[in-house]
Protein chains: 2
Amino acid sequence: MVALATAPKADPRRRVLDAAIACFTRNGFHGTSMHEICAEASMSPGALYRYFPSKDAIIIAIVEEERTLRARLMEHLESAPDFVGALTAMGTQLFTGEMEMVCAELGPEIAAEAMRNPALKVMFDEVEAEMDQSMRRALLAAQARGEVDAGLDPDAVLVMINAIGDGLMLRNRLSPELPLGEMMPVLGDLIRRMLAPRTTTATDARS
Amino acid sequence: MVALATAPKADPRRRVLDAAIACFTRNGFHGTSMHEICAEASMSPGALYRYFPSKDAIIIAIVEEERTLRARLMEHLESAPDFVGALTAMGTQLFTGEMEMVCAELGPEIAAEAMRNPALKVMFDEVEAEMDQSMRRALLAAQARGEVDAGLDPDAVLVMINAIGDGLMLRNRLSPELPLGEMMPVLGDLIRRMLAPRTTTATDARS
DNA sequence: CCATAGAGAGCGAACGTTCGTTCGCATCTA
DNA sequence: TAGATGCGAACGAACGTTCGCTCTCTATGG
């Protein structure tokens, strides 16, 4: 009992967060009651409320946690030598279930809630902005090194890439039978076609 | 008072549906109470329940209504001579607000609710399947006429197009300050780059 | 080595509120 | 007068949250 004893019932905060993520994923934020979260976490309401002051506080904690995860991901993307390659690799990990990312599952739910809860909205916007800036840096670098057509408008490309990402996550949630993980290479090729400079290897190819 | 007198307080069913759409868009399905819908429709609960047996029935009616609208849209897309052009035109109408489409606003909300409500799920899936089949036909036709690269996997292209559509709608809702309507031409060009056959005017271009 | 006091963790019945829904009655129209 | 239409107070259930209690440790004084 020094300090590292933990096995069966570890950090209660963690247990609540994991339980909440499971419940919210299953039934949505407004669709899950505190009692359900308590049951999932094997904890009474009284105990739970020692760790979180309210239901809202739980979502905010989840998003806050996701923030650091996203930051690491973006770091990795910025340092990758191949922009689209790194993007599709991320997609593959995400959709095969190799990597867990809460926002992939809860994205729309959180987004919807953010429109109502000001405190959550602030945090959500920050995470969103951080990701956008990071993505922009990675894109500009890819354009500078010639991987992505330098003639393309970065704003438009960013909107498109974000839309594709959000759209795939949504679809993954709506129809989980779609083997998105396996399709990522092909989808990546499509994105490459969209972004790569026109093939100037042999022909000048006007009109 | 023959039969066509209607101006101020017309068909109560319509009033309820419009009120519900407004409320759901503002506060989400679980975020709006029946009393709010009643207030928005200037109607008492007692009156409202004469037209809809439950809150669930209201969403189902909304989706049912959207079904015919979508069907018309898809008809138009299938008969268009230019697949990507028709797609971007639809996007422009949608994001400039020229055309109203409930699912554009309520999409994620409805999708989330569909995962919980079996009756809604059935209808949602049907609408989704109809749209997918229509889109597939339009895509295959575009490939046949050489507008879209015939070498591309239709399944992958469909997933991609659906994702882009869903993603743009989501983003339009999350950050309405983005001028998506004006960006559509540029975004359309990106999609064209992705789908158009590689310029084979002069070269055979293998590998 | 034991007894015990104190603190913190955990519990779960209960609270006040809000929700979706109902029902008895009033009000129009024909 | 009969029937459709509309009203709004009221209901039971479920919600997020609270609170007073019990239990389990740990430290200390004998």
Side-chain angles (χ1 to χ4, degrees), chain A residues 1-24 26-62 109-110 112-113 116-120, chain B residues 1-24 26-62 109-110 112-113 116-120:
Chain A
M1 296 172 192
V2 197
L4 47 92
T6 38
K9 295 210 165 188
D11 176 17
R13 233 185 106 90
R14 246 275 61 78
R15 256 166 61 219
V16 172
L17 285 179
D18 288 339
I21 289 171
C23 289
F24 291 164
R26 215 181 305 127
N27 298 113
F29 179 62
H30 289 285
T32 61
S33 67
M34 290 300 261
H35 289 276
E36 287 179 72
I37 299 178
C38 289
E40 180 88 20
S42 307
M43 195 180 281
S44 68
L48 191 153
Y49 274 86
R50 277 191 198 277
Y51 299 98
F52 294 92
S54 70
K55 196 182 182 185
D56 285 343
I58 297 182
I59 298 209
I60 293 182
I62 290 175
E109 201 72 41
I110 290 177
E113 191 53 26
R116 269 157 248 147
N117 181 333
L120 179 58
Chain B
M1 294 173 193
V2 195
L4 47 91
T6 39
K9 295 210 166 189
D11 176 18
R13 234 185 105 90
R14 248 270 65 77
R15 256 166 62 218
V16 172
L17 285 179
D18 288 340
I21 289 171
C23 289
F24 292 163
R26 216 182 303 126
N27 297 112
F29 180 61
H30 289 284
T32 56
S33 67
M34 289 301 261
H35 288 277
E36 288 177 73
I37 300 179
C38 289
E40 181 88 21
S42 307
M43 195 181 281
S44 69
L48 190 154
Y49 272 85
R50 277 191 197 277
Y51 298 98
F52 294 93
S54 72
K55 196 183 183 186
D56 285 342
I58 297 182
I59 297 207
I60 293 183
I62 290 175
E109 200 72 42
I110 289 177
E113 192 53 27
R116 266 157 252 146
N117 182 332
L120 179 57

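Labels below follow one simple rule: chain letters A, B, ... track the order of the sequence lines, proteins then strands, and each chain is numbered from 1.
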Exercise. Listed by chain and number, what are the side chain to side chain donor-acceptor pair (under 3.5 Å) partners of A:Asn27, not counting sequence neighbours?
Worked result: none
Exercise. Under 3.5 Å, side chain of A:Arg26 to main-chain N/O of A:Thr32, donor-acceptor pair present?
Worked result: no
For this session: Using atom NE2 of A:His35 as one end and atom P of C:dA14 as the other, report the distance to the nearest whole Å.
Result: 13 Å
Exercise. What's the NE2-C1' distance between B:His30 and C:dC19, to the nearest Å?
Worked result: 12 Å
Exercise. Looking at the side chain of B:Pro45, which of C:dG20, C:dC11, C:dT22 is the nearest nucleotide?
Worked result: C:dT22
Problem set entry | Partners meeting side chain to side chain donor-acceptor pair (under 3.5 Å) with B:Glu109 (sequence neighbours left out) | none
Exercise. Given atom CZ of A:Arg13 and atom P of C:dA9, what is their separation to the nearest angstrom?
Worked result: 14 Å
For this session: May I ask you to decide if the ring planes of B:Phe24 and B:Phe29 are parallel, tilted or perpendicular, using 30° and 60° as cut-offs?
Result: perpendicular
Seminar exercise, completed: Comparing nearest nucleotides in DNA chain D, the 5'-proximal residue of the pair A:Glu36, A:Gly46 is A:Glu36
For this session: Please examine the side chains of A:Ile59 and A:Asn117, heavy atoms only from C-beta on, and report whether any two atoms are closer than 4.5 Å.
Result: no
Exercise. Between residues 47-58 of chain B and DNA chain C, which residues have a heavy-atom gap below 4.0 Å?
Worked result: B:Tyr49, B:Ser54, B:Lys55
Exercise. Side chain of B:Ser44: nearest nucleotide among C:dG20, C:dC11, D:dG8?
Worked result: D:dG8
For this session: Round to a whole Å and report the spacing from CE of A:Met34 to P of C:dA13.
Result: 18 Å
Seminar exercise, completed: Atom CD1 of B:Ile59 and atom P of C:dG20 are separated, to the nearest Å, by 11 Å
For this session: Answer whether the closest heavy-atom distance between the side chains of B:Asp56 and B:Leu120 falls below 4.5 Å.
Result: no
